[in-house]
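The structure displayed is predicted, hence computed values, not measured ones. Just the heavy atoms: all of them, side chains too, but no hydrogens, waters or symmetry mates, feed the values below. Residue numbers begin at 1 in each chain, while the letters A, B, ... track the order of the sequences.
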Amino acid sequence: MSVVPPRLDPAMTLLPPLPGPAASSLVEGLNPQQREAVEYRGPALLIVAGAGSGKTRVLTHRIASLIATREAWPSQILAITFTNKAAAEMRERVEGLLGEGAEGMWISTFHSACVRILRREAERFGYGQGFTIYDSADSRALLKRIVKSLEADVLGLTPAAAQGTISKLKNELIDVDGFSRQVSGGDPKEQMLLEVYRQYDRELRRAHAFDFDDLIGQTVWLFRAHPEIAAHYQRRFRHILVDEYQDTNHAQYSLIRELTRPVEPQHVPADTRMQLAPDGSIPPASLTVVGDSDQSIYAFRGADITNITNFERDYPSANTILLEQNYRSTNTILKAANAVIGNNFDRIAKNLWSASGEGSLIVGFAGYSGHDEAQFVADEIHRLHDEDGLMFSDMAVFYRTNAQTRALEEILIRSAVPYRLIGGTKFYERAEIKDVMAYLMAVANPADELALRRILNTPKRGIGPMSETAIWDFAERQGITFREAMRRAKELGLGPKVTNAILGLAEILDDASESLDPDRPTGAATVGELLTALLRKTKYLDKLYETGNPQDEARAENVEELISVAKEFDKTHPDGTLVDFLTETALVAAADELDDESGAVSLMTLHTAKGLEFDAVFVTGVEEELLPHRMSAGEPGGLQEERRLFYVGITRARKVLHLSLASMRNTFGETNPSMPSRFLDEIPAELIDWRQAPGEAQGGLGFGRSLGGGSRELDSGFGSSGGYGGYGRGSSAGSSGGQGFSSVRFKDPDAGREFGKPKPKKKWVNDITGQVRDNSGLQLERGDRIRHVDFGEGTIRAMLGSEKKRIAEVDFDNAGRKKLLINLAPIEKL
DNA sequence: TATAACAGTATTTTT
DNA sequence: TACTGTTATA
């Protein structure tokens with residue numbers, strides 16, 4: 001667009017927007033509340049957006065409208081989202097609405113935005129531009145060392161506990177001094193905690209590193225200590241929009257507060273074109289926050305729900321708009337969601353409604369074991385795919401804890417369901433990836449001692465703990481850095497072998513640093529080049545391949561994967577530096593991995609699910625102790641947060657919702673009985689179609705161990721709801737393990753199949769566990785009879801796929817129709 | 001110093 | 001179960 005915008009000033013916002021196709025079409029198809037949320041202009045706006053009420057739409061349209069009407073330049077907009085994925089999506093949608101790029105617009109997470117600011121101002125902290133960002137594993141490693149050196153563990157202070165407390169303190173913007181004022185002299189544990197905090201902070205400074213919480217907290221500190229820096233951003237960002245406001249913590253809240261202060265007259269440039277208040281200041285930026293207190297699920301890590309409930313107090317002139325119409329789910333699903341969340345007492349009443357009809361009933365399933373439950377999920381996914389024509393990528397399976405994935409994965413693989421695991425042990429948390437990243441970090445930030453220590457003897461080069469301490473001592477005594485001490489290894493008085501190993505590593509790192517010099521004849525090395533050079537010189541990959549250990553091979557593959565990530569980065573960021581690469585990788589979140597083109601079912605935790613939606617949703621493990629999780633019991637408000645988590649899960653579903661549980665659940669090798677979640681009782685019974693109700697599945701080993709065989713009506717303490725379809729008898733009774741486990745675990749394969757028999761206690765024969773089944777030689781065709789470990793005998797109905805992915809569709813005599821991945825399924829030809 | 005074997009223990013959610 | 005840390009041994 002070629003029109004030069006008129007002078008940009010907040011008073012302008014009172015004038016009607018410029019007429020134009022863009023501006024008016026931006027509210028087309030919106031309901032009255034959404035439209036108001038897009039068009040309202042004022043200093044502060046709170047949009048209370050129920051689940052599925054189109055808040056992303058409202059936010060993107062609002063941003064686009066501000067730009068289209070010439071009320072703001074893109075560069076005056078700061079939009080904060082929860083994940084990088086949400087940020088990318090929002091940017092894309094805004095650009096789509098405007099039909100042009102939106103350069104200069106900041107749409108990012110709190111963390112990314114703060115890193116950007118901090119890098120620019122790094123020297124104020126005495127840090128270099130290349131300061132390191134420690135993720136939680138890094139800071140735990142550091143804390144572990146500190147706790148050990150202080151012998152804090154004798155006071156019962158674990159690294160994990162210290163990490164939790166320090167994180168909370170930082171989220172509350174309480175620094176070491178602030179904490180020392182709080183600590184009572186009498187409590188030795190608190191004293192110790194203070195000392196741990198002090199040393200932790202000191203080590204971070206020494207290493208020129210920030211942890212996750214620092215990114216926010218230090219930015220606030222920077223703004224408060226340097227009003228002229230704050231003023232710079234206050235002048236720049238005239239429209240600030242924050243998504244998921246219910247999940248902001250105090251530090252994030254404070255950051256927004258700082259950014260929405262008026263610019264003091266002394267920081268107003270003489271030549272400003274902005275309209276000034278009578279006292280010569282620039283009025284505060286306009287603030288829009290979007291949130292739903294019913295979806296607040298991060299209180300455990302410091303999110304403060306009162307930030308949203310107090311918004312109108314904090315910003316007295318604020319306008320509030322309620323979005324209650326849901327465009328996502330059927331009314332059946334919404335009724336269940338409303339009923340569940342209605343049990344939280346301290347909430348503002350809100351009732352989601354939908355114009356999209358009742359839809360089908362919620363499907364309930366109570367299996368005998370976690371595997372049984374997983375089998376239900378797998379079968380149902382196939383049914384939805386084959387009969388209802390849903391795409392795999394429109395289905396998702398949620399669970400409370402990552403540990404639950406094991407059973408699910410096993411069965412999904414065996415049943416040939418394509419799936420994608422979102423989150424979990426993330427790529428960047430793998431040891432080998434952390435190793436390699438530590439090399440890069442050590443190059444980018446020579447002060448980073450933690451990174452140096454990590455790579456000192458990885459791969460093994462004979463530099464043990466003794467040598468490490470020697471280097472450290474030397475550095476302390478000489479007042480030099482760890483890295484410098486490595487360069488002077490000859491003065492350490494260690495053996496020649498070790499000395500040379502240390503010198504060798506120091507040289508590799510120094511060479512790497514030099515290769516980044518843009519004045520080199522060949523120009524600065526790209527991240528990919530740097531990484532390959534490092535790996536070649538350290539022989540990191542070679543040593544992994546040498547062992548012949550399949551696990552090491554997998555690790556090597558991960559490292560190769562990292563190399564391609566780096567090369568990809570070089571391609572997409574032609575001017576990207578090593579520091580840019582490290583920043584980007586440090587801030588990737590689980591949900592960011594999601595890409596919709598994979599054609600696979602998504603598996604994720606309930607937390608990761610927030611903000612997403614799927615046609616069909618499976619919420620698994622709806623059991624006491626799991627959902628609500630036992631850990632939440634002690635926390636104040638814990639139960640309510642768990643309920644919100646369940647609510648979030650329910651409201652992700654567009655068309656079909658499945659709730660499932662098992663009466664026996666495996667936890668750390670132990671099998672324990674479980675009870676249906678109290679939350680199930682909160683859903684009106686007529687909304688759920690129990691394929692197999694909790695009462696039915698519990699005939700087995702947990703609750704009624706003393707009852708005679710065949711008894712299925714047991715006192716579960718849970719009202720059964722009647723009318724069950726007798727789902728998958730065959731699967732429900734006997735399957736307790738996957739992939740060759742199950743029949744072996746019970747000495748008598750049939751022992752587990754009968755109700756009422758006590759389970760053989762622990763320590764079963766474990767000899768075949770973990771055996772990789774390979775049926776690749778098995779030739780099968782339509783009409784063949786087979787026997788399956790869990791499902792019994794059946795006839796092959798059809799053969800699908802080819803090679804490694806040969807799938808048999810089998811009509812089992814007793815267990816119904818299943819799809820099985822031939823190579824992995826525990827089957828034999830008859 | 002490296003490795004293997006063993007014992008103990010922790011297990012919620014994540015930017 | 002799986003991972004960590006410790007100890008004994010090469």
Side-chain angles (χ1 to χ4, degrees), chain A residues 80-87 108-115 133-137 139-141 144 148 153 158-161 163-164 167 170-171 210-217 244 247-249 251-252 296-303 398-407 422-426 428-429 431 457 459-468 494-495 497-498 501 547 551 586-592 604-610 621 625-635 638 641-642 644-646 648-649 666-671 737 741 762 766 769-770:
Chain A
I80 302 284
T81 60
F82 200 64
T83 64
N84 295 302
K85 166 127 196 314
S108 70
T109 62
F110 270 108
H111 296 267
S112 306
C114 287
V115 171
I133 300 166
Y134 280 3
D135 67 15
S136 18
S139 65
R140 188 155 57 248
K144 200 184 271 175
K148 203 169 174 184
D153 46 333
T158 64
Q163 187 176 32
S167 173
K170 288 189 174 185
N171 286 160
F210 287 131
D211 65 18
F212 271 140
D213 302 313
D214 283 336
L215 296 179
I216 318 285
E244 308 282 15
D247 280 326
T248 51
N249 61 36
Q252 291 164 333
S296 160
I297 53 175
Y298 285 107
F300 72 93
R301 75 171 196 226
F398 303 153
Y399 35 82
R400 178 65 233 267
T401 68
N402 282 116
Q404 287 166 257
T405 55
R406 231 162 268 155
I422 315 294
T425 312
K426 278 166 282 162
Y428 289 100
E429 281 171 13
N457 201 27
K460 302 259 183 296
R461 41 173 86 85
I463 311 173
M466 304 271 282
S467 319
E468 186 181 328
L494 295 165
K497 228 175 123 186
V498 180
T547 66
Q551 278 199 330
L587 299 175
V588 286
D592 299 336
M604 67 190 88
T605 65
L606 285 162
H607 282 88
T608 310
K610 193 175 71 163
E625 310 278 278
L626 205 50
L627 185 66
H629 196 277
R630 63 173 70 83
M631 288 294 150
S632 69
E635 313 260 311
E641 177 144 321
E642 295 290 305
R644 290 194 293 268
L645 196 51
F646 186 45
V648 165
N666 282 33
T667 34
F668 329 130
E670 290 274 301
T671 306
F741 285 34
K762 276 176 68 166
N766 223 6
T769 301

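- Across all strands shown, A/F110 has no heavy atoms under 4.0 Å from either base or sugar-phosphate atoms.
- For the P atom pair drawn from C/dT4 and B/dT13, the interatomic distance equals 16 Å after rounding to whole Å.
- Between B/dT15, C/dT4, B/dT13, one nucleotide has an atom nearer to the side chain of A/F212 than all others, and that is B/dT15.
- OP1 and OP2 of B/dT15 both lie 4.0 Å or more from every side-chain N or O belonging to A/N84.
- When all heavy atoms are compared, the tightest approach of A/C114 to A/L215 is CB-O, 3.2 Å.
- Exactly one of A/H629, A/E642, A/E625 qualifies for a side-chain hydrogen bond (donor to acceptor under 3.5 Å, both in side chains) with A/R400. That residue is A/E642.
- To the nearest angstrom, C1' of B/dT1 lies 13 Å from CG of A/L494.
- There is a side-chain donor-acceptor pair under 3.5 Å between A/Q163 and A/S139.
- Neither side chain, A/E670 nor A/T667, offers a donor N or O lying under 3.5 Å from an acceptor on the other.
- Within the 4.5 Å cutoff, the side chain of A/F82 has heavy atoms near those of the A/D247 side chain.
- Among the heavy atoms of the strands, none lies under 4.0 Å from A/K497.
- For the pair A/Y298/A/N249, no side-chain contact is recorded, criterion being any heavy-atom separation below 4.5 Å from C-beta on.
- Atom CZ in A/F210 sits about 21 Å away from atom P in B/dT15, given to the nearest Å.
- Mapped onto DNA chain B by nearest heavy atom, A/T667 and A/R301 fall at different nucleotides, with A/T667 at the one closer to the 5' end.
- Residue A/S136 places no side-chain N or O under 4.0 Å from the OP1 or OP2 atom of B/dT15.
- Using a 4.0 Å heavy-atom cutoff across all strands shown, A/N457 reaches sugar-phosphate atoms only and no base atom.
- Once the 5.5 Å centre distance and the 30° plane angle are applied, the aromatic ring of A/F668 is found stacked with the base of B/dT11.
- Summarising the geometry, the separation between CZ on A/R140 and P on C/dG5 is reported as 11 Å, rounded to the nearest angstrom.
- Put simply, A/K610 has no side-chain N or O that comes within less than 4.0 Å of OP1 or OP2 on B/dT14.
- Between the P atom of B/dT13 and the CZ atom of A/F646 lies a distance of 19 Å, rounded to the nearest Å.
- Atom CE of A/M604 and atom P of B/dT15 are 13 Å apart (whole Å).
- In terms of position on DNA chain B, the residue among A/S467 and A/I297 whose nearest nucleotide sits closer to the 5' end is A/S467.
- Heavy atoms of A/R400 sit under 4.0 angstrom from at least one base atom.
- Per the geometry, CG belonging to A/N171 stands 12 Å off C1' belonging to B/dT14, to the nearest Å.
- Side-chain N/O atoms of A/H111 and base N/O atoms of B/dT15 include a donor-acceptor pair closer than 3.5 Å.
- With centroids closer than 5.5 Å and planes inclined by less than 30 degrees as the test, A/F300 and the base of B/dT12 fail to qualify as a stacked pair.
- Picking from B/dT14, C/dT4, C/dA2 the nucleotide with the shortest atom distance to the side chain of A/R406 gives C/dA2.
- Regarding A/L587, its CG atom lies at a distance of 13 Å from the C1' atom of B/dT14, rounded to whole Å.
- Rounded to whole angstrom, the span from the CD1 atom of A/I463 across to the C1' atom of B/dA2 amounts to 14 Å.
- Counting only heavy atoms from C-beta on, A/N402 has its side chain closest to B/dT13 among B/dT13, B/dT15, B/dT1.
- Nearest nucleotide to the side chain of A/K148, out of C/dT6, B/dT14, B/dT11: C/dT6.
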